[in-house]
Amino acid sequence: MSVAVIGPSSFVSCFELIGAHGFYAEDGREIARIVERLVEDGKFKLIIIPERFSEDTRHIRTKIMEEGRISPVFLIIPDLTMVTG
């Protein structure tokens with residue numbers, strides 16, 4: 001399974017150690033652009049993002065659900081900032 005992780009370097013590097021493909025981004029707008037591109041490419045089955053950026057990507061995730069697609073799956077987890085979304 002292809003796994004992508006998007007976010008700040010402190011978040012991404014942990015997942016790169018276990019084989020995920022990392023994409024570095026520092027703000028919600030940039031993360032949303034990367035997520036859109038990855039969804040369009042269709043290469044990744046799992047996309048991991050920090051929880052604090054969940055609202056920035058909600059429109060993309062909603063569109064995928066409305067289309068009835070089952071992938072990619074999004075894993076939204078807290079990062080070291082402990083800021084939730």
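Only a predicted model underlies this, so the values are computations on that prediction, with no experimental measurement involved.
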So how far is it from [X] [atom1] to [Y] [atom2], rounded to the nearest 0.5 Å?
X	Y	atom1	atom2	value
Phe11	Ile77	CZ	CD1	4.0 Å
Leu38	Phe44	CG	CZ	5.5 Å
Ile70	Ile64	CD1	CD1	12.0 Å
Ile49	Phe23	CD1	CZ	14.0 Å
Phe74	Leu46	CZ	CG	9.5 Å
Leu75	Glu51	CG	CD	10.5 Å

TODO: Could you give me the CA-CA distance, side-chain angles and deciding distance for Glu55 and Arg58, then say whether salt bridge (Lys or Arg N to Asp or Glu O under 4.0 Å) is met?
DONE: CA-CA 5 Å; Glu55 192 58 41; Arg58 182 180 305 275; 3.0 Å; yes
Task: Derivation and outcome, side-chain contact (heavy atoms from CB on, under 4.5 Å), residues Lys63 and Glu67 - done: CA-CA 6 Å; Lys63 181 180 175 188; Glu67 293 173 355; 3.2 Å; yes
Quick check: closest heavy atoms across [X] and [Y], and the distance to 0.1 Å?
X	Y	answer
Gly7	Val12	O-CG2, 3.2 Å
Gly28	Asp56	CA-OD2, 3.2 Å
Ile60	Ala32	CD1-O, 3.4 Å

- [ ] Would you check if Pro78 and Pro50 make a side-chain contact, meaning some heavy-atom pair closer than 4.5 Å?
- [x]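 Pro78 vs Pro50: side chains apart.
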Task: Student check: side-chain heavy atoms of Ile6 and Val35 closer than 4.5 Å - done: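 Sidechains of Val35 and Ile6: in contact.
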Task: Cluster overlap Ile18 with Ile48, hydrophobic side-chain contacts below 4.5 Å - done: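 Yes; tracing contacts between hydrophobic side chains, which count when under 4.5 Å, links both residues.
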Task: Any donor-acceptor pair under 3.5 Å from Arg61 side chain to Ser54 backbone - done: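 A pair under 3.5 Å: yes.
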Task: Where at least one partner belongs to residues 12-24, residue pairs that pass side chain to side chain donor-acceptor pair (under 3.5 Å), sequence neighbours excluded - done: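 For residues 12-24, and leaving out neighbouring residues, the side chain to side chain donor-acceptor pair (under 3.5 Å) pairs sorted by first residue read Glu16-Tyr24.
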- [ ] Hey, could you give me each pair passing side chain to side chain donor-acceptor pair (under 3.5 Å) that has a residue in residues 25-35? Not counting sequence neighbours.
- [x]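 Not a single pair qualifies under side chain to side chain donor-acceptor pair (under 3.5 Å).
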